[in-house]
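Quick notes on the structure that follows.
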Amino acid sequence: MTAVFDKIRELAGKVEKGSTTELDDRARACRATKESVKDAKALLESVRTQLSESWHGGAGESALSSLDAFKKNREDQVEDLEESAKSFEVARDALAKAQSDARSHREDAEKLQAKLDNVWNDLSHGKGNIVLAWAQDKFIKAEALVLLADLQRVVTTYDAVLLAEGFKLRNRTGQVWELAGSEKRNPAEIAAIILREIPGLAALVAKNPKLDLALLKGDWDTIMRDPEVAQKIYDYFGFKYVESGDFYTTGEHSVQSYLGWHDIYDKMEKLIGADLDRTSAQGDNMEFTDPKTGKQYRLELWKGSYGFGGAFGGEVGFYTRDSGSQDPSGYFSAAQGDDQIKVTQQIYDKQSGKVYFTNDGQGADGTDKRHFWNLAIRSEPGVHPDQLGQRATIEVRDTDMRDRIYNEMTRYAAAHPEENLSVTKVSDHPPVLSYDWQK
């Protein structure tokens, strides 16, 4: 008797769980971040003007060109953030209307159920007759079904708005939204955190003449030896210097952990002055699916030069996405929890065999050495990407995961012999494999 009323209450309850306040906060965060981006754009223009007076030659012109690209990117971000704010407001207003309609429909349903209860209560006390009671029962339930159908229309209308605005947010052309995919923080918050720290970081550098000069020279080793600067960069950008190995790595809380992985990242390497070998260079990625859960995984390898030839190193990244996901941008989340891997990465000279450095899991939280990303970069010019080889051991949670990674790497190696990738199972306890990549 009460199934239709329960369904109305259930639908109304789902709609009311949405938060118009959260959507409004996100719209305001977008606009606040937009103002910060505009300030950052002005700062970039000022920095470019100053640097153009002293940077000359091919490398200098390339760096200045990159600053111009960053400035254009900030302009795209400003536009995207304003449009994103509007999308959040459209979703907010649609949710507010849906919640108002849901409350009204639930109140009407409560009245109809009370009316129906009275019909059968009166009959039990000798009022009316069974034929009239059954007729009223059918009529009231028919009204309830109409009410349910209209509430379903309300929900469908809101879902359509949410879908349309969500699609817009995911397909903005500027880098803020195109590169974002955080499961922990929304992109506006990520951008706000980073941009909020730029003036403070610049002030720390500016108050020390040695650091100011080091910045002009691109001498990050000197900059990162300043404890205050190093801590601020680590707190908000995740990078830290490992003095014992003379390389830079990243913490698990780095901004990259919030942004996950998009295929477009590789297309940006020239913008950041990188010249990298990567295992997805021909569009064939090392990906596999857990047959038990349907969860999807991607392993990415990189090695080469960074900072317009001023540094070199390598990366091992591990990413996941939920069962059935078909994100057209190629988005994967940074691996978390049990999905994280323990990597010991070594960068060496392919000709001489000289080992430049080894990252045995520096940057991972705690002592387990598990991370989604093993990165190691040394600030040293003159090392060409063609010289570099990368080898690593990867420890995972169980032998099933180890075997799936091994099988996929072996498949990839066979499909691309020019990569010179060899893979070996090392042990079952713990589950470990190793590889040597000499592309």
Side-chain angles (χ1 to χ4, degrees), residues 218-221 224-225 234 237-252 254 256 261 265-266 268-270 272-281 286 298-319 334-335 340-364 369-396 405 409 412-413 416 418-424 426 432-439:
D219 181 3
W220 282 98
D221 289 350
M224 290 295 283
R225 287 192 183 102
Y234 183 66
F237 297 90
F239 288 96
K240 72 174 181 179
Y241 180 61
V242 180
E243 189 170 359
S244 60
D246 188 22
F247 62 81
Y248 294 90
T249 189
T250 53
E252 286 187 40
S254 64
Q256 293 88 345
W261 177 255
Y265 289 180
D266 278 334
M268 295 176 62
E269 74 173 44
K270 299 302 180 185
I272 62 173
D275 181 8
L276 302 175
D277 293 325
R278 55 185 184 274
T279 48
S280 60
M286 290 192 289
R298 179 187 285 193
L299 177 69
E300 294 266 357
L301 311 179
W302 300 268
K303 61 182 176 69
S305 68
Y306 300 80
F308 302 98
F312 69 95
E315 308 167 52
V316 181
F318 199 49
Y319 305 91
Q340 290 189 336
I341 57 180
K342 181 180 178 181
V343 176
T344 297
Q345 178 199 180
Q346 207 169 67
I347 296 296
Y348 67 96
D349 187 295
K350 291 187 292 188
Q351 296 300 318
S352 68
K354 173 187 176 182
V355 175
Y356 290 108
F357 46 81
T358 301
N359 182 355
D360 66 348
Q362 298 296 318
K369 299 290 184 75
R370 294 182 180 276
H371 203 326
F372 77 92
W373 193 26
N374 183 301
L375 174 140
I377 298 175
R378 176 174 290 175
S379 178
E380 180 181 322
V383 179
H384 197 273
D386 290 345
Q387 298 173 233
L388 302 177
Q390 180 194 78
R391 51 180 169 245
T393 61
I394 301 177
E395 178 184 326
V396 297
I405 295 177
M409 293 187 77
Y412 181 88
H416 304 282
E418 73 283 358
E419 298 269 350
N420 294 314
L421 174 65
S422 59
V423 192
T424 306
V426 176
V432 177
L433 62 82
S434 66
Y435 69 84
D436 192 357
W437 184 34
Q438 297 188 20
K439 180 177 180 181

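Model, not experiment: these values are computed from the prediction. Just the heavy atoms: all of them, side chains too, but no hydrogens, waters or symmetry mates, feed the values below.
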Apply side chain to side chain donor-acceptor pair (under 3.5 Å) to Asp275 and Tyr306, showing your working.
CA-CA 6 Å; Asp275 181 8; Tyr306 300 80; over 6 Å; no
Pair Phe247, Ile377 - check side chain to side chain contact (heavy atoms under 4.5 Å, CB included), show working.
CA-CA 5 Å; Phe247 62 81; Ile377 298 175; 5.9 Å; no
Could you check Trp437 against Val316 for side chain to side chain contact (heavy atoms under 4.5 Å, CB included), going step by step and ending with a plain yes or no?
CA-CA 12 Å; Trp437 184 34; Val316 181; over 6 Å; no
One pair to check against side chain to side chain contact (heavy atoms under 4.5 Å, CB included): His416 and Thr279. What are the steps and the verdict?
CA-CA 9 Å; His416 304 282; Thr279 48; over 6 Å; no
Report the C-alpha separation of Leu276 and Glu315 in whole Å, then their side-chain angles, then the decisive distance to 0.1 Å, and conclude whether the side chain to side chain contact (heavy atoms under 4.5 Å, CB included) test is met.
CA-CA 10 Å; Leu276 302 175; Glu315 308 167 52; 4.2 Å; yes
Before you tell me yes or no, could you show the steps for Arg370 and Glu395 under salt bridge (charged side-chain N to carboxylate O under 4.0 Å, His left out), namely the whole-Å CA-CA distance, both residues' side-chain angles and the distance that decides it to 0.1 Å?
CA-CA 9 Å; Arg370 294 182 180 276; Glu395 178 184 326; 3.3 Å; yes
Might you work through the side chain to side chain donor-acceptor pair (under 3.5 Å) test for Tyr412 and Glu419, ending with a clear yes or no?
CA-CA 9 Å; Tyr412 181 88; Glu419 298 269 350; 3.1 Å; yes
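Looking at every heavy atom in both residues, Gln345 comes nearest to Ala392 through CA-CB, 4.0 Å. The shortest heavy-atom contact between Tyr356 and Gln387 is OH-NE2, 3.7 Å. The minimum heavy-atom distance linking Ser305 with Val383 is given by the pair CB-O, 4.4 Å.
How far CG of Asp349 is from CG of Leu388: 7.5 Å, rounded to the nearest 0.5 Å. Taking OG of Ser379 as the start and CZ of Phe312 as the end, the distance is 9.5 Å to the nearest 0.5 Å. Note that CG of Asp436 is 3.5 Å distant from OH of Tyr348, once rounded to the nearest 0.5 Å. Atom-to-atom distance recorded for Glu300:CD and Trp373:CH2 is 12.0 Å, nearest 0.5 angstrom. Of the inter-residue distances, the one linking Ile394 atom CD1 with Ile341 atom CD1 reads 5.0 Å to the nearest 0.5 angstrom. Going from atom CZ of Arg391 over to atom CD of Gln346 covers 4.5 Å, rounded to the nearest 0.5 Å.
No more than 12 heavy atoms of other residues, nucleotides or ligands shown are found within 6.0 angstrom of CD on Gln351.
Here the side chain of Thr249 pairs a donor or acceptor atom with the backbone of Gln362 at under 3.5 angstrom. Side chain of Arg378 to main chain of Gly245: a donor-acceptor pair is present (N/O by atom type, distance under 3.5 Å, no hydrogens or angles).
Residues Phe357 and Tyr248 place their aromatic rings such that the two centres sit no closer than 6.0 Å.
A 4.5 Å side-chain heavy-atom check between Tyr435 and Ile405 finds every atom pair outside the cut-off.
When each of Asn359, Asp360, Thr250 is checked for a side chain to side chain donor-acceptor pair (under 3.5 Å) with Asn374, only Asn359 meets the rule. When each of Gln438, Gln390, Lys303, Lys439 is tested with Asp277 by the rule side chain to side chain donor-acceptor pair (under 3.5 Å), just one qualifies, namely Lys303.
Checked against side-chain contact (heavy atoms from CB on, under 4.5 Å), Asp386 has the following partners two or more places apart in sequence or in another chain: His384.
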